[in-house]
Structures are given as structure tokens and as C-alpha cells.
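This report refers to the structure that appears directly beneath it.
Bear in mind that the values here come from a model prediction, so they are computed numbers and not experimental data. All ligand and atom numbering here is 1-based and tracks the order in the structure.
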Amino acid sequence: MVAEYKTLEQKRKFYKSKEWQTLRKAALERDNHECQKCKREGKVHVDSIKVDGQRKSVELNVHHKYEIEQFPKLALIFENLETLCLNCHNETHERVFGNEKKKKWNDEKW
Ligand SMILES: [Zn+2]
Ligand SMILES: [Zn+2]
């Protein structure tokens, strides 16, 4: 049986699982800790930026290109993962879900 990730509780459990943590790390490494969207647009975001001469960490999320809610089978598929910075991540979700879901997306940043 394929697990479901429809409720917050199911998602929370998933994002805390060892399998996800391991895969997430691997995805970050594969993407060199860079936001893939920024990279495509010619801006490179690594996991830290310089602010006032100090390194400040940028929050990176590992995003599911196909959402686990609709595609639970793809939850642990490496190719379905993409490293995004928090900005791009929110943008991506807003674009996908339209205006009805204006709330800030923080599902994937456990
Ligand atoms: Zn970005
Ligand atoms: Zn996402």
C-alpha cells in the first residue's frame, strides 16, 4: 500500500522520517546547495549570502516537483526533488496553486 500525505500529520511524519532526511541531504548535495531556479535564471544562490560583510545563511528547501499530496508514489523519488531557496519555493507554490492559497508555504522545510 502506498502511503498517503493528505493531512498535516501525515506530512509532518513524512518530513521527519529518516528516509526523507537522507534523501533531502543527497538532493542538496547533488544541487551543490544552490537554488536551481535562481541558477536557471542566472543568479546563483548558495547556502549563504554576504550581508553587511557577514555570511548569512539562506534557507534552502527541497521541493517536490510533483507534490506528494497528489503523487505520493513520487515522495521518495530522487528525480522528483529540486533544491529551491525559500523565495523561489514560495513563488513556485503560488504559481501552481494560484491566488486561493496565499499562505506562506513551509511544508517542506522541516
Ligand atoms: Zn531561488
Ligand atoms: Zn515545494
Within the 4.5 Å heavy-atom criterion, are H33 and L60 side-chain neighbours or not?
yes
Determine whether Q36 and H63 make a side-chain contact, defined as any pair of heavy atoms from C-beta on separated by less than 4.5 Å.
no
The Zn ion (ligand 2) - name of the N/O/S atom of H63 that sits closest to it
ND1
To the nearest 10°, how many degrees is the angle C85 SG to the Zn ion (ligand 1) to C88 SG?
100°
Please work out the angle at the Zn ion (ligand 1) defined by atom SG of C35 on one side and atom SG of C38 on the other, rounded to 10°.
110°
Vertex the Zn ion (ligand 2): angle to NE2 of H89 and NE2 of H93, to 10°?
90°
Hey, is there an N, O or S on H64 sitting under 2.8 Å from the Zn ion (ligand 2)?
no
Show the nearest heavy-atom pair for residues L81 and K65, with the distance to one decimal.
O-CE, 3.9 Å
Of R30, R40, K39, R24, which meets salt bridge (charged side-chain N to carboxylate O under 4.0 Å, His left out) against E82?
R40
Run the salt-bridge test on E29 and K25 with the 4.0 Å N-O cut-off and return the result as yes or no.
no
